[in-house]
Every structure is written in structure tokens, then in C-alpha cells.
Amino acid sequence: MLSAHVPDLAALELLLGVAREGSLNGVARKAGVSQQAVSARIRAMEAQTGVTLVHRTPRGSSLTVEGVMIAEWAARLLDVAAEMDAGITALRAGQRSRLRVSASSTISEMLLPGWLASFRAETPQGRNAPEIVLTYANTAMVITHVTEGLADIGFTEGPREPAGLHGRAVGHDRLTVVVAPGHPWAGPRPVSAAELAGTPLVSRESGSGTRDTFTAALTAVLGPGAPQAPAALSLSTTAAIRSAALAGAAPAVISELAVADDLASGRLVAVQTPELDLRRTLRAVWDGATTPPSGAARDLIAHILTRRHQERRSGRAH
């Protein structure tokens, strides 16, 4: 039996909403309720858990360090609930076509929702759009899902193409080290690779594309086997890393896509790391033939590549 301190799924979704939106008002708009209702639900959750979860300021709201930890656990719990929901839907759908997609954090949080929405919107009239079952995982798990046949197609963020799988670049990204305003690294002084390696940072967990890319960049400068300080926090979602950075837990390593608005508004500051090459390629990967699997998987990749071409022409490509 769970203790009475565990909030329900709806409350946990609100907490993750605060991490994503950065304000109670933004969460309220998305949920279609009043800000007072969201605030009351957060206070009730704080009373239930016995810890302060949200730091409220006139400029917005962010999670406390304790809130980040609970949001991290909540994200995993909600992912399992979403898988169960998708599984029940699949059982009810009978013979409808289904595309199983496994995607790593930055892609699943920042890019796939838009790709999937436009993919469904462009399904020709008279043809049923495939049911898409999306599983969130780190890059290592995405590779496992595709290799073991648990996913028809995967999306990874690692520094290199996974061995044994075929793939195609669907975008590009760059990691950045961010801090809260007022941190010693927030000034114009560049931070060296050695100083970064010796500092506990907030980052993704081992096996993630973010962790692998950052480690590869440090290794390229410092050499193989160079020591690296243990992480201040190892989190399994990009949203959790962003929340930890906003809470001032420690310098954080995160995709530029996830913090673009925070950097523009001054809620976070990008640290100057000129020694490191933090660029990475976002890939669609699959098993078997050199071409993507026929059907919905191939159609989805073609759609993403078309969107990428259009965005590149308009100057908005990642």
C-alpha cells in the first residue's frame, strides 16, 4: 500500500506543468482552470508531501530542489501511466494500424509533439492516421527498444550513430551549460573544460545522449580517462534539468532548444565554454534494411525531413 504522502496523477501532472510553463497562470491556461485552483492544488500537494515544492516570485514560479526531485519521480510514474493508457487504447482499437516510437528526452519533449501533430494533420482524406504509441527513454534504452523489436523506429540524440542500426539525421542540436543569474559563472569569463570536469553539474543520467555528448566533448579536450566530478543531480528528463537550473541547484547541462526562452528572458544565463564542441545530431534509427521500414515509419521520417527542409529554407531549422 502507498502512503498517504503520494499525490494522485492529476496533481503530479500539474507539478510537471509548473516545470514546463514557469508560471501558475500558464499551467492554469493549459489545464483550462483558474490560477487560484492551480495554486490551491499545489498548496494541497505541499501539505500532503510535507515539503515545499514551488518557489513563487512576481516573475513566475519555479520548482524548489525538493520539487525537482518529486517532479523527476512523477515524470517516470506518468510515463508508465501513459504507456498503460496507450496499451489500453491499442487493445480497444482492434485492427487499427499502429506505429511504435521510442524517443529520447529532448526530441520527445521539444520536437516530436509538433512533428506528430503535423504528420496526422497531413494524412490524406479517407485514410486513417496510424495510432502512434510513443515511449520516452534515454538514448541507450531507445537503441534497446529498436534492437529488440519493441519499437518500430527510434529517435536518438547521441554523439554518433548507434552501432548495428541504420539511421538518418532529422535535425541538429547544441548543448549548453546554464546557471541562474547571480552564479559566479554567469559573467563573461569563459569556463575551462578542466573547471567543468571538476564541478558537480546537473545533467541527464548515464546512457542518455546528453550525458554521452558532454562526456565526449570533455574527453576531446582533456583526454581519455580524465576524472569528472560526480553529478550534483542525475535526472531522466530535460524538463527536470531545466527546473533544477531555475531552482539554482547547480550549473546544468541541457539542450539549447529547452532553455531558449529562459535565456532570452534572463531567467537563466548561458556559460561561456569555448573549449567544448557541444553540437550533436538528432537521428531517426531503425533495425533491418538500410531504408526505413515501409508504411507509417517511412511516412513519418519522410514527413520530418520535408519539414526540416522547409524550416531550413526559412532559417528556422535545428
Side-chain angles (χ1 to χ4, degrees), residues 1-89 105-106 108-110 112-113 134-138 178-182 202-205 231-250 252 254 258-259 261-262 265-268:
M1 292 284 293
L2 293 175
S3 76
H5 301 301
V6 179
D8 60 38
L9 295 180
L12 294 175
E13 285 182 327
L14 284 182
L15 185 66
L16 290 179
V18 175
R20 289 190 298 266
E21 301 296 327
S23 74
L24 298 184
N25 191 41
V27 176
R29 284 197 306 270
K30 287 287 183 68
V33 299
S34 68
Q35 180 177 336
Q36 291 78 7
V38 172
S39 183
R41 193 66 183 272
I42 294 294
R43 286 196 301 270
M45 195 171 5
E46 289 175 330
Q48 182 180 5
T49 59
V51 295
T52 302
L53 302 174
V54 175
H55 177 61
R56 302 164 179 83
T57 70
R59 298 179 61 189
S61 300
S62 61
L63 299 187
T64 62
V65 172
E66 294 83 1
V68 169
M69 296 300 295
I70 291 179
E72 163 75 2
W73 299 326
R76 296 201 295 267
L77 179 61
L78 289 168
D79 283 348
V80 173
E83 288 183 36
M84 182 177 180
D85 187 30
I88 292 172
T89 300
S105 181
T106 299
S108 62
E109 293 178 20
M110 306 305 302
L112 260 179
L134 175 61
T135 301
Y136 299 78
N138 64 31
V178 297
V179 293
V202 178
S203 184
R204 291 288 308 282
E205 78 286 7
L233 288 173
S234 292
L235 304 174
S236 66
T237 68
T238 300
I241 294 175
R242 174 180 173 271
S243 295
L246 289 169
I254 193 169
V259 291
D261 290 343
D262 299 306
S265 68
R267 290 189 295 266
L268 291 172

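When all heavy atoms of Ser203 and Ile241 are compared, the closest pair comes out as C-CD1, 3.7 Å. Taking each heavy atom of Gln35 and Leu24 in turn, the nearest pair found is CG-CB, 4.0 Å. Listed here is the closest heavy atom pair of Ala180 and Gly248: CB-CA, 4.3 Å. Counting all heavy atoms, side chain and backbone alike, Ser236 lies closest to Glu205 at CA-OE1, 3.3 Å. Here the closest heavy-atom approach between residue Arg20 and residue Ala239 is recorded as CG-CB, 4.5 Å. Between Val65 and Ala249 the shortest heavy-atom distance is CG2-CB, 4.1 Å.
Taking the side chain as every heavy atom from C-beta outward, Thr64 and Glu46 never approach each other to under 4.5 Å. No side-chain heavy atom of Leu246 sits under 4.5 Å from any side-chain heavy atom of Leu63. Taking 4.5 Å as the limit, some side-chain heavy atom of Asp261 sits within range of a side-chain heavy atom of Arg267.
With rounding to the nearest 0.5 Å, the separation of CG in Leu53 from OG in Ser62 is 12.0 Å. Here the OG atom belonging to Ser108 is positioned 11.0 Å from the CG atom belonging to Asn138, to the nearest 0.5 angstrom. Summarising the geometry, atom CD1 belonging to Ile254 is positioned 8.0 Å from atom CG belonging to Asp262; distances are rounded to the nearest 0.5 Å. The CH2 atom of Trp73 lies 11.0 Å from the CG atom of Leu235; values are rounded to the nearest 0.5 Å. Rounded to the nearest 0.5 angstrom, Thr237 OG1 and Asp79 CG are separated by 8.5 Å. Of the inter-residue distances, the one linking Lys30 atom NZ with Asn25 atom CG reads 12.0 Å to the nearest 0.5 angstrom.
Checked by atom type and distance alone, the side chain of His5 pairs as donor or acceptor with a backbone atom of Gln48 at under 3.5 Å.
Between Glu109 and Arg204 no salt bridge is recorded (no basic side-chain N to carboxylate O distance below 4.0 Å). Remark: Asp8 engages Arg41 in a salt bridge, criterion side-chain N to carboxylate O under 4.0 Å.
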task: Output, in order, the C-alpha distance, side-chain angles, deciding distance and verdict of side-chain contact (heavy atoms from CB on, under 4.5 Å) for Val51 and Ile70.
output: CA-CA 10 Å; Val51 295; Ile70 291 179; 3.8 Å; yes
- request: List the steps, then state whether side-chain hydrogen bond (donor to acceptor under 3.5 Å, both in side chains) holds for Thr238 with Arg242.
  value: CA-CA 6 Å; Thr238 300; Arg242 174 180 173 271; over 6 Å; no
task: For side-chain contact (heavy atoms from CB on, under 4.5 Å), just list the numbers for Glu66 and Thr52, CA-CA rounded to whole Å, side-chain angles, deciding distance to a tenth of an Å, and then say yes or no.
output: CA-CA 7 Å; Glu66 294 83 1; Thr52 302; 5.8 Å; no
- request: Determine, step by step, whether Val54 and Leu15 satisfy the side-chain contact (heavy atoms from CB on, under 4.5 Å) criterion, reporting the C-alpha distance in whole Å, the side-chain angles of both residues, the deciding distance to 0.1 Å, and the verdict.
  value: CA-CA 8 Å; Val54 175; Leu15 185 66; 4.3 Å; yes
